[in-house]
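These notes concern the structure reproduced below.
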Protein chains: 2
Amino acid sequence: MPSLKDVARLAGVSTSTVSRAINGTIPVSEETRLRVEKAVRDMGYKPNLVAQSLRIKSTRLLGLVVPEMQHETFISFIRFTEEAAEAKGYNLIIGSTNSDPDREERFIENLIRRNIDGIIFSRVSDKSHVLKILDRTKIPVVIIDRTLEREDIPSVVMDNYESGKLVAEHLLSLGHRAFACITGPLDIAINRDRLAGFRDTVLAGGGTLEDKCIYEGNFKFESGKKGIAYLLDTGARFTALWAQNDYMAVGVLNLLSDRGIAVPGEISVAGLDNIQQSWMMRPSLTTVAQPFREMCTHAVDIIIDRAGREDDNREKIRVMLKPELIVRETTARPPEGSFAAERKEVERK
Amino acid sequence: MPSLKDVARLAGVSTSTVSRAINGTIPVSEETRLRVEKAVRDMGYKPNLVAQSLRIKSTRLLGLVVPEMQHETFISFIRFTEEAAEAKGYNLIIGSTNSDPDREERFIENLIRRNIDGIIFSRVSDKSHVLKILDRTKIPVVIIDRTLEREDIPSVVMDNYESGKLVAEHLLSLGHRAFACITGPLDIAINRDRLAGFRDTVLAGGGTLEDKCIYEGNFKFESGKKGIAYLLDTGARFTALWAQNDYMAVGVLNLLSDRGIAVPGEISVAGLDNIQQSWMMRPSLTTVAQPFREMCTHAVDIIIDRAGREDDNREKIRVMLKPELIVRETTARPPEGSFAAERKEVERK
DNA sequence: ATCATTTGTGCAATCGATTGCAAGAAAAAG
DNA sequence: CTTTTTCTTGCAATCGATTGCACAAATGAT
């Protein structure tokens, strides 16, 4: 790989001049510019980014922290963040923490030592001490898919309240009045928001969402199965159910299929996330799509914007984007007769 | 962030001594070592990796090139490569090319300019001119999930022939004799290998795999639907079908469900890859699991090994790992009566 | 006590870029 | 024809590490 020095020698000028001719920072005479450009072309010279980074303190590298790579959500973050970063001429270093605080800390520390230009976190808890590490440096940070209590850290999220509202409106309009919900962990704000949007809308529309019709899951497939089994076995009365993510919804459908309960014939089911399975499976899943691409693009924009400026005035940035309802086959008019949970009990006797 | 100089000042020695005390390259007196270590601890000093990279020419960064991030296969590559890299103290820069040669070239060039220690390709074609770019530098390269004709480029693949064999053996043992196959693109060696393993074993076991029972797909969901529809509509006679990846298998199941053909009652179906859906769906999919974790670990090991040494003797490295058959619900004994394709035709009249 | 060897440390160059400062050449002003 | 201003260009320092070489002190050999 040729270096600046090589180009300078070939063009018969100093390295300073070559640098300036390339970057156009300070005017260079027409004649030498052409000579330099020719030399650059002839040697196939490309500035070395490591050296450049050392000097100008910008690496054009972003870091992305994900807790894992099994959930399609995080895959989407990786995918769209990489896309947005590449569009801006940045590269992306990814690290999955596997919910291991040590790994997370190691990764963040590496990023700092690499003079990274910014870090995007997907999912961090309010108590993560990693944020303290970051406070010591001036590295711009943004959080996607979560909001933190600390308001000086920018975040980009979907309007979670709205997502619950969309689902409720859809199901109400189909004629449902008795609802159930399998939520994500309720110690996390966005999940409470989802539930609030759902409940408020259900109640405002004349429906019911009894406490015994709510099950707190953990976003995993198995948790959906467990949740619906629990609801059915405790005789919860509902004709429509919302699982706060698609993996749990798939689990629900799975168990309902095992128990011979028809979807959407007896129970309508909706999810959230619009994972691949939601449209590949039969029946295809009614769900809410998160605007992942926009979220990631915004996150990258925020980071790059901050990285550029020296001023440290952290205004409070909270971007909130609209979800979109996608109606498919698992939701329909409610059945005429009794509730599935009760019918099953009767049959069992 | 404190620098070496700061530590040196605090410890009252030169930067050279600090560097040597930290890296242990040249012995330092016990006394100064302790003083330096204390200074390092007190200041929370961590060597800057950019500066270090510039000097020692190793960045402890690996690049991973994937064509896209929709297929779960590539997600697995990202996941396991990151895992293996992290275990060795390396970070990973990922780039998806979206099958756009320009993007691919831009990405590779960036990696080169970043003095990356090695690049892992998943899926490249024999004609990719990117390999030529890489020939100009000495950056170690390894290819996963493909083999190239050029034997000087190391590759790590599953034993694809074996995967076809495993599926065929399983289906034969269930009693099937008439087989069909939906393949991946047959201009790619590994797909021909899969087919060969399947065909050889079927024939050796007294089964048939007629030419009209083979459909060349493109590894996507829709292609599975199209393939099975084509086979059924052209009256292909078979009781067991192997789709060379799970997405296509899911497409197959989808269409069979639409047409009311029972799986595994009338047709047994197997896939390959063991994607999440394969175990979440109902009926769950019999499939072959690729040893992705091992593949990625090997790839990283090969790269790091090469990166260390100066000698350029590219011995021919081709690692081949064993697949594993996972039997689930979509495969069973063949039906007694006629073939599904024929029965449907009769019914239609 | 003298010379050879080992051990520990610092100076200064280096990796490959960018940039403040100064100097020479050219152009404009007096 | 000076003097001032403007344009170009190069020198050398810098970013933060590593490392060859030299030198001084300590150790060992004679």
Side-chain angles (χ1 to χ4, degrees), chain A residues 1-37 39-40 43-61 109-117 137-138 310, chain B residues 1-37 39-40 43-61 109-117 137-138 310:
Chain A
M1 289 278 96
S3 76
L4 200 60
K5 221 193 258 175
D6 301 320
V7 178
R9 195 175 309 123
L10 182 62
V13 292
S14 73
T15 58
S16 339
T17 304
V18 177
S19 171
R20 295 195 264 250
I22 292 174
N23 300 314
T25 40
I26 281 184
V28 162
S29 82
E30 180 72 7
E31 182 211 336
T32 53
R33 213 199 64 230
L34 291 173
R35 228 182 31 256
V36 168
E37 277 171 2
V40 166
M43 308 197 75
Y45 168 77
K46 303 279 175 187
N48 179 307
L49 290 174
V50 177
Q52 206 171 42
S53 302
L54 178 61
R55 183 62 225 246
I56 69 177
K57 304 271 167 232
S58 164
T59 48
R60 294 189 90 72
L61 270 179
E109 190 182 290
N110 262 327
L111 295 184
I112 294 176
R113 292 176 55 190
R114 286 191 191 283
N115 275 9
I116 202 112
D117 283 356
T137 77
K138 302 250 242 162
E310 260 314 298
Chain B
M1 291 275 94
S3 76
L4 199 61
K5 219 191 256 175
D6 302 320
V7 177
R9 195 175 310 124
L10 182 63
V13 291
S14 73
T15 58
S16 337
T17 304
V18 177
S19 170
R20 294 195 266 250
I22 293 173
N23 300 314
T25 40
I26 280 184
V28 163
S29 82
E30 181 73 7
E31 183 211 338
T32 53
R33 212 199 63 230
L34 290 173
R35 234 190 16 263
V36 168
E37 278 171 1
V40 166
M43 309 195 75
Y45 169 77
K46 303 279 175 185
N48 179 306
L49 289 175
V50 177
Q52 205 170 43
S53 302
L54 178 62
R55 182 63 225 243
I56 69 175
K57 304 269 165 234
S58 162
T59 48
R60 295 188 90 73
L61 270 178
E109 190 183 289
N110 263 327
L111 295 184
I112 295 177
R113 293 176 55 189
R114 287 192 189 283
N115 275 9
I116 202 112
D117 282 357
T137 77
K138 301 251 241 166
E310 260 316 297

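Note on naming: letters A, B, ... go to the chains in the order of the sequence lines (proteins, then strands), and numbering restarts at 1 for each one.
By the 4.5 Å heavy-atom criterion applied to side chains, B:Ile112 and A:Met1 are counted as neighbours. Two residues are said to be in side-chain contact when any heavy atoms from C-beta on lie closer than 4.5 Å; A:Leu49 and A:Arg60 fail this criterion. In this structure, the side chains of B:Val13 and B:Val36 come closer than 4.5 Å at one or more pairs of heavy atoms.
Comparing the helix axis at one end of the helix from C:dA1-D:dT30 to C:dG30-D:dC1 with that at the other, each defined from 5 consecutive pairs, gives an inter-axis angle of 50° (nearest 10°).
Contact annotation: B:Thr25 does not reach the phosphate of D:dT19 (side-chain N/O to OP1 or OP2, under 4.0 Å).
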Subject >> B:Ser14 and B:Thr17: CA distance, side-chain angles, deciding distance, side-chain hydrogen bond (donor to acceptor under 3.5 Å, both in side chains) verdict >> reply: CA-CA 5 Å; B:Ser14 73; B:Thr17 304; 3.2 Å; yes
**OP:** Carefully, step by step, assess A:Arg9 and A:Asp6 under the rule side chain to side chain contact (heavy atoms under 4.5 Å, CB included).
**Re:** CA-CA 5 Å; A:Arg9 195 175 309 123; A:Asp6 301 320; 3.6 Å; yes
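Using a distance-only test at 3.5 Å, with no hydrogens or angles considered, a donor-acceptor pair links the side chain of B:Arg35 to the main chain of B:Ala11. Side chain of B:Arg114 to main chain of A:Thr59: a donor-acceptor pair is present (N/O by atom type, distance under 3.5 Å, no hydrogens or angles). Panel note: side chain B:Thr15, backbone B:Leu4; no donor-acceptor pair is recorded below 3.5 Å.
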Original post:
Could you write nucleotides 11-17 of chain C as a row of B, S and -, 5' to 3', where a protein heavy atom under 4.0 Å of any base atom gives B, of only sugar-phosphate atoms gives S, and otherwise -?
Top reply: BBBBBBB
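A:Glu30 places its CD atom 18 Å from the P atom of C:dA26, with the value rounded to the nearest Å. Regarding B:Ile26, its CD1 atom lies at a distance of 12 Å from the P atom of D:dT18, rounded to whole Å. The nearest whole Å value for the distance from the CZ atom in A:Arg33 to the C1' atom in D:dT9 is 16 Å.
Counting non-hydrogen atoms under 4.0 angstrom, A:Ser53 reaches nothing in the nucleic acid.
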